[in-house]
Structure formats: C-alpha cells, structure tokens
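Note sheet for the following structure.
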Amino acid sequence: MPRFVEEDQRAIFKLREEMADSSSDESGSENELDEIFGESSDEEDFGGFVFEMPDDIEWEKDPSGAAFQSYYEDNPRVAFKRTHCGPTVDQLPGNGKAIDIFKLFLSDEFLNKIVRWMNRWFEVKKAAEPTKHKTPFLPITDITELKAYFALLLAMNRDVILPRYENYFRQDERKWLFLLRGFNCVLSKQRFQQLNRYIFFANPDDLDLGSLDRVAKDDKLIKVRPFLEELQRAFKANFNCGKEISIDECMIPYKGKLSFKQRMIAKPIHWGIKLYELCDSETAYLSRFEVYLGKGREEQEVSDIGKSGAVVARLTQDLWGKGHDLYIDNWYTSVALCMYLQERGMFVCGTVRSNRKGYPKELNDLKASKMGPRGSCEIRSYNGIAALAWKDKVVHFLSTVHSPDQVSTIQRNQKLRTGGYQLVDVPAHAIIDDYNANMGGVDRNDQLTSILKNRKQMRWYMRLVIKFLEVVAFNSYIIEGFFLDHNPPGKRKRDLAAFREELILQLVGNWRAEKGKPGRKRQSDPFRLENVGEHLPVKGAGCDHTCQVCMEKRRRYTLSHPNTPKNQVPHKMTKTTFMCDHCEVYLCISREKNCFKAWHTQAEYWKDQ
C-alpha cells in the first residue's frame, strides 16, 4: 500500500466510513476534512502535496471486475449526495432579473470598492506624473456609472464588434452608416477612455508604489488579485457542482510582453494567459480556477503526482470526501494521482500517456496491429484502479470510477468502398462513453465566454477582467436555468445571447452620458463671415488647366460663326491654376475678367454682361 507523508491513512479510512453512514450536511464534512488535511487558504504556508507511490504495483487481468469490486467492498466509496447539487440559493434573488443574479458574484459592496480604488488610482497617477494626466477627471460617485462601463465592455466583446474602441463613439454624420448612437448615449468617448485608463482592481494604498515593479515579480497578479479572489469565492459559494466535474486549461488571448504568457499550439488561441478551470460537466458552470504564473510553484513538493497532479489537487482540495467523479485529460492523469484522490474520496477518469510511471507495461507495449478488430480493448486492474487500452487508434485510460466489466458500444464513422462514410456501432467500454460525455465542460464554458482577440489591448489584466465578466454572465445564466425554463413549449428558447442582452441593458439602467454645455455665442459675427457659402477659390494641382467659362464662350461663338478663322475668334482659351473648391471646376480671375464670379452668379455664364 502507498505510504502517505501528509496524514495518517487510518484516520482517512475512519473518516470515510463515518461519512458513508452519516447524514450530516456538506459543511460538517468540510470541517472534519479540514481537521485532518489542514486548511489551505494561505498559500504562503502551503508546502505542497507529498505522496509516494508504491514500487510493487502488480496489475492483473480482471475481465469480470471481481477484484475491482472486492477492493471497494473492503474500502467503501464515499456516496455522493445529489440533493446538494445546483445553486445554493433557494430562489432567484431580488426580482429575479438578470442583474440580480449578477450581483451574487459582483455585489454592490465590492463595486463600491472598485470605485474608491479607481478614484484613488487617478490621484496617485496625477501626483506621480502630472504632465501625463492633464485632462480633468471627474471622480466616480455612483456605482451605476461603473455598471454602465462594464455593460459596454460586455457589448463590445461579443455583441457589437469593431476593431477599435473609438469607433463605437463616432459622431461624424458623413459616416452615418457606421454610427452607433447607443454607445454615445451611455458614455462619451472621452469618459469611456478615462474609465479605461484609470480602472483599478486593487487598493493603491496597500501597494508600495515605489517598488511596484519589484512587488509584481513576487505577486504577478497584484493589480487584479482582489477582483479574482472575490470571484473565486463567489463561484464556489453560489453553486454546488454535480457528481461529474472536469478540469482542463483554456487560453485568454494576449500577445503583448508578459512574463507568464504561454504558447499552446494545440489550442485555437496559440498565445495568451493560461487558466486551469474546474467546471461542472453537465452545466459547464465554472466553479474554480487558477491562473498559470510560470514556474513559481516549483518549490512546493509534489513528488509522484507531479506538477500537473498538483494543479488538480489545488483545484479540488475543498471537494475531497464528497464522492465526485473527476474527468481529466492525459496531461494530468497518472496512476499516482488516481491513488492520491482515491484515498481522499474523489474518483478519477481520464486519458493517460502510456509511459506514465506505474502504468501497466503490457498495455504500454501494445500495438494496434496486434489488438484485433476495431473496438478491441485490454483491461488491467489494481486496488480499485482500471487501466484500459482501446483500439480506435490505441487510446489509453485510467479510471477509479468504472469497473472493468462495464462494456458498451460507441458510434464511429466507417469509410465505404463506394466512397463516403456511415455510422457503425463499435465495441467500447463505459469509460469511453462517460469520458466523452463529461470531459467537455471546460471547453464548452470557454467557447461561450470567449473574448475578442483581434482588438489590441495594452494592459494584460484587462483581458482577464473581460474574460471573467463573461464568465459571471454565463454562470448567472446557468443559475437562472434552475428556476426558469429556458426552453418553454411554444415559445422561443431563452439562450445565452438573449440573457446577455437583458443583463447589459439592466447594467446600463438609467445611466446616460452628460451632454456637453453649449459654448458661449458671439454677440455679433464680423461682416466678413456673412453669406460666405461653400464656393471658395483654391489652388489646384498642376498648371495645364483651361477656364471652364472661357472654353464655353469660345465653343458657343465658334458654333454661331462657323466661317470665322480660329485665330480671329475673340474669346481665348485661358489657362488657370485656380478652381472652385466646392464645384471642382477650374476658373480664371484677372484684371480684365472674373470668370469665377460669372460662374457663380449667372445662369447663362457664357454671356457677357
């Protein structure tokens, strides 16, 4: 059996039996777990997840699942309580509007903090660099304006997409087709830019501004940490995940200079900030998250579960002992992690890299050509862990959720000799069915809360803020779905887009941009400004241009006097470099004649007056 350095194994078995027989609520179980595992809220004092895997693992063939079942008869599973799933509130807050659910995650109290931090941050920046902050900034006095600002950020991210922020506030009537009057009604361009510039998500008075760069190296999220901690707390407090949960990573697009920026070529977004997310598999509700900050956690001892296993342990730590089934991919899955979580009342199913330490060598050595027809599988078990090699191409799984005898079928495309494909049933295992059904929670959440990547953003933490505003909107939509039928019969489905539109409008509320004060009128305009009009002479390009009036006079004279030689025609073709700016016609002005005046004052400008 494995040796645990972190706690006494016998105490864990005793706790599991007590939880299996007890009808106490979840909070009681958490308190008991804290007594054994210790609280982990203070990461500075946290030493890591220490676990050593046994050297004498002996995998055995167990097609009937007898050995697998025998292990769990001796070591009973923790029973998951489905009555605790879903929102922790008994009814929709307030009037049941979208904004009322939004406040479960970003309360008015916390928004007031952001307002105070923003006003204080302007004062700090103004004092430090007065020449760069000359534009007067009217401090925010009401969180209603901050809500309207958040509403515009949401609308700009997914609903109305333009390449630059200033394009939303155009007022040039000549470009009437591109005008968006709604944005100008909420905030002026200058006000939006100021809020964008001075928004701050930490208390400036708590920061040593003289050594902010040095502090940022120690705590890379210092500028946004209170915001993320508030959301982390709210996500956990307002929703209990179902039995099936999943962990995966997602990317927030960012290509600027950043010490913890990542490149993941296998993801749709190749460059950006990496998040580890724990989501409910059924609803895709984001319950827990962690921002990847580089190699800062290397000092923590992770031993055999590895760095990827430590990520899983941190995200799931307060869910231990509740009987959840966790679905993860091959970057996280290992035999050591399965054992580690198995002893803590959490069960794992996931794809695995066949060269992981402890994985059955006979399965690692399998070749597709030696495994029989498509759908063939080989299974081994050890102490309640099932290892599976399945031939689609050869895919490897580990599971403490499924028994080796849980066979199934799965549909796959089969190529026809005549061309094309058809769906056929392929032998499989329940591991594969359940993995496909429950692994997509994080990916679905990421798709529905994605942020725009082709608009330039200089401050990296604003990408995090916009991402989590989208997550708050999505999680609010999920909570609403437990109390309101999103697909009523005979009516249009209430999808996420409809919920977001309602939320954005409610965040804006009655807030409107202040109209600029009209300028002081002149007592009387100078005489030279009266009746000027738009027809003004300007210098044209080049010098080889003929006066339009002179040319028309000569043409008409030639038509009426066809026998007159050209050199005797009285009207000459006058060259000029001046033109009317409005008419775009070249006209001459000289001492003898004023064709510019004739063109603009005579209907029959070719006649002499």
Side-chain angles (χ1 to χ4, degrees), residues 1-7 9 12 46-62 67-68 71-72 75 246-249 266 276 290 292 295 297-317 320 325-368 370-371 377-391 393-404 429 431-432 435 439:
M1 292 293 292
R3 178 171 61 88
F4 294 94
V5 183
E6 192 175 352
E7 70 284 306
Q9 183 181 4
I12 297 174
F46 177 63
F49 301 94
V50 182
F51 172 78
E52 293 183 8
M53 195 168 67
D55 297 326
D56 56 344
I57 296 179
E58 296 182 0
W59 296 90
E60 60 182 344
K61 292 185 178 182
D62 186 23
F68 187 93
Y71 175 83
Y72 284 111
N75 305 278
S246 61
I247 290 178
D248 204 352
E249 61 270 4
Y276 299 115
E290 179 182 306
Y292 176 72
K295 300 180 179 180
R297 294 183 182 268
E298 281 190 343
E299 296 179 0
Q300 294 180 1
E301 178 62 44
V302 296
S303 62
D304 284 344
I305 68 171
K307 297 174 184 177
S308 59
V311 171
V312 174
R314 287 193 295 270
L315 289 175
T316 62
Q317 194 166 14
W320 291 346
D325 293 343
L326 172 66
Y327 291 83
I328 49 181
D329 65 21
N330 62 15
W331 190 75
Y332 306 95
T333 312
S334 66
V335 176
L337 182 64
C338 289
M339 292 179 175
Y340 185 82
L341 294 181
Q342 182 187 51
E343 294 301 330
R344 288 157 178 77
M346 178 171 283
F347 306 96
V348 177
C349 175
T351 55
V352 63
R353 299 174 185 177
S354 60
N355 60 354
R356 290 281 196 187
K357 180 180 178 181
Y359 190 76
K361 187 176 184 305
E362 57 268 32
L363 298 187
N364 183 24
D365 296 338
L366 280 176
K367 304 296 181 183
K370 298 180 179 180
M371 285 189 65
C377 63
E378 291 287 337
I379 302 179
R380 302 291 186 272
S381 71
Y382 169 77
N383 282 2
I385 305 174
L388 168 71
W390 179 63
K391 182 180 178 181
K393 53 183 181 177
V394 181
V395 186
H396 298 269
F397 292 86
L398 283 175
S399 177
T400 56
V401 178
H402 304 87
S403 174
H429 193 278
I431 291 176
I432 300 158
Y435 179 84
M439 184 57 204

Heavy-atom side-chain contact between Lys357 and Val335 under 4.5 Å: no
Within-4.5 Å side-chain heavy-atom neighbours: Leu388 and Ile432: yes
Val401 and Val348: CA distance, side-chain angles, deciding distance, side chain to side chain contact (heavy atoms under 4.5 Å, CB included) verdict: CA-CA 6 Å; Val401 178; Val348 177; 5.9 Å; no
4.5 Å side-chain heavy-atom contact, Lys61 and Pro404: no
Spatial distance of atom CG (Leu398) from atom OG1 (Thr351) [nearest 0.5 Å]: 9.5 Å
Pairwise side-chain contact, Cys349 with Ile431, heavy-atom cut-off 4.5 Å (strictly under): yes
Closest heavy-atom pair and its distance - Tyr359, Ala387: CE1-CB, 3.9 Å
Sub-4.5 Å side-chain heavy-atom contact between Met371 and Val394: yes
Ser308 to Trp331 - nearest heavy-atom pair and separation: OG-O, 2.9 Å
Distance, nearest 0.5 Å, that separates CD1 of Ile305 from CG of Leu337: 6.5 Å
Closest contact, heavy atoms only, Met439 versus Asp329: CE-N, 3.7 Å
Non-hydrogen side-chain atoms of Trp59 and Ile385 separated by less than 4.5 Å: yes
Side chain to side chain donor-acceptor pair (under 3.5 Å) partners for Asp365, two or more places apart: Lys361
Working for side chain to side chain contact (heavy atoms under 4.5 Å, CB included), residues Glu249 and Tyr332: CA-CA 11 Å; Glu249 61 270 4; Tyr332 306 95; 2.5 Å; yes
Carboxylate-amine/guanidinium proximity below 4.0 Å for Arg380 and Glu60: no
Any side-chain heavy-atom pair of Leu341 and Phe347 under 4.5 Å: no
Side-chain (Trp320) to main-chain (Ala313) donor-acceptor, under 3.5 angstrom: no
Contact check, side chains of Ile57 and Met339, non-hydrogen atoms, under 4.5 Å: yes
Leu326 CG to Met346 CE distance, which is reported to the nearest 0.5 Å: 6.0 Å
Side-chain donor or acceptor of Tyr276 paired with backbone N/O of Leu315 under 3.5 Å: no
Gap separating the CZ atom of Phe397 from the OG atom of Ser354, nearest 0.5 angstrom: 12.5 Å
Arg356 CZ to His396 NE2 distance, which is reported to the nearest 0.5 Å: 13.0 Å
Asn364 side chain vs Pro360 backbone, donor-acceptor pair below 3.5 Å: no
Backbone of Phe68 reached by a side-chain donor or acceptor of Ser381 within 3.5 Å: no
Worked check of side chain to side chain contact (heavy atoms under 4.5 Å, CB included) between Ile247 and Thr316: CA-CA 9 Å; Ile247 290 178; Thr316 62; 3.7 Å; yes
From OH (Tyr327) to CG (Asp248), nearest 0.5 Å: 15.0 Å
Smallest separation among heavy atoms of Gly384 and Tyr72, with atom names: O-OH, 3.1 Å
